[in-house]
Amino acid sequence: MSPILKAAIWMLGAITSFTAMAIAGRQIAQTYDTFEIMFYRSLIGIVIVVTVITVTRRWVDVKTDELPLHAIRNVTHFIGQNLWFFALPLIPLAQLFALEFTTPIWVLLLSPLFLDEKITRWGALAAAVGFVGILLVAQPGTGSFSFGLIPAALCAFFFGLTAVFTRKLTRTQPIASILFYLTTMQAVFGAIMAGWDGDMVPPTAPGWPWLIVIGIAGLMAHFCLTKALALAPASVVMPIDFARLPVIATVGVLFYAEPLDPLLLLGAILIFGGNYLNLTLGQRVNR
C-alpha cells in the first residue's frame, strides 16, 4: 500500500472523529457548559493517554523541561476549544467548520512573531484570499450574520496560536509528553472554570456516552491527522481534510435541517484555496 493511500485512510479516521465530536457536542450543549465538557473530556483523555504510555512504557518521554511552554500552549488550546464548543449550537455546522479552516492562515500570520519565519509574497496572497473567504462565510452587514460567528472566528485564531506553540514544542518534546500535559493541564483548567461557582453539573446516564465520544474522538482526530502528515506532505493531506466540510454540511442538512448557503460554500472554497496556495507555492519558495 502506498504512503499516500495510507495517509488517506488515516484522514478518513480524522474526518470521522471530528464529525463525531461535533455531533456529540451538539447533543449535550444544552446540558453542560463548555468548561464542564472540557473537564470531562480531559478526564477521559487522561485515562486513555496514561494507559497508552504505561502499556508502551514511554514514561521516559514525559519531560518537565518545557513546562512553561506546555502551559502557554494548553491555555491557548483551552480557550480555542471552549470557543469552538460555545459556537457549536449557535451557528450551522458547515459555517463553524469553514471558519475553523482559517487556522492555517493564522499560523502563517503568527509564525513571524513566534517562530522567526518570514511571510512570502505567496503567503501574503494566500492570507488575502483566505480573508475574502472569511467575509463570504461570515457575511457581515447582512441579516444572516449571527453572534455565534464571533467565537467561531476567534477559536481559529487561538487554534493557530496552539499550532505555533505545538511546533515549538515538537522541536524538543516527544508526542507522549505533549499529549500528557494536554490532558492533565486542561483537566485542571476545566475543573477551575467549571467549579468556581460551585454549580458543576455531574455526568448523567444519558450524557456519559456523548462525553466519552467527545473524549475519544478529540484524541483520535489529532492522532490520525498526525499519522497522515507523517506519511504524506501537507499539500496532499490538507485537501483530504477539507472533505470534512461537505461531510459536516450533509450532517447538518440531514439531522439539523440546516440550509446550504452557496456563499458559505464559495467562501469555504476560497479559504481552502488560500491554504493550498501557501502549502504548495508558498512552501516551495521557502525551500
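Computation of the quantities below employed the complete heavy-atom set of this structure, encompassing side-chain atoms and omitting hydrogens, waters and symmetry-equivalent molecules.
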Quick one: list whatever passes side chain to side chain donor-acceptor pair (under 3.5 Å) with [X], sequence neighbours left out.
X	value
Thr103	none
His222	none
Thr102	none

### Test ring pair (Phe, Tyr, Trp, His ring centres under 6.0 Å) applied to Trp59 - qualifying residues, sequence neighbours left out
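Listed in chain order: Phe180.
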
### Partner residues of Phe242 under the ring pair (Phe, Tyr, Trp, His ring centres under 6.0 Å) criterion, sequence neighbours left out
Phe101, Phe272

Not counting sequence neighbours, list each pair that qualifies as a salt bridge (Lys or Arg N to Asp or Glu O under 4.0 Å) and has a residue in [range].
range	value
residues 23-47	Arg26-Glu258
residues 93-110	Glu100-Arg244
residues 61-86	Arg58-Asp61

### Message
Suppose we screen for side chain to side chain contact (heavy atoms under 4.5 Å, CB included). Which residues come up paired with Ala152, at least two apart in sequence or across chains?
### Response
Ala87, Ile91, Leu96, Leu99

### Task
Name all residues meeting the side chain to side chain contact (heavy atoms under 4.5 Å, CB included) criterion together with Leu265; count only those two or more places apart in sequence or in a different chain, and write none if there are none.
none

### Pairwise side chain to side chain donor-acceptor pair (under 3.5 Å) hits with a residue in residues 176-185, at least two apart
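Every pair satisfying side chain to side chain donor-acceptor pair (under 3.5 Å) with a residue in residues 176-185: Gln173-Ser177.
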
Side-chain donor/acceptor pairs under 3.5 Å, residues 11-22, sequence neighbours excluded:
residue	atom	partner	partner atom	Å
Thr16	OG1	Leu12	O	2.8
Ser17	OG	Gly13	O	2.8
Thr19	OG1	Ile15	O	2.8

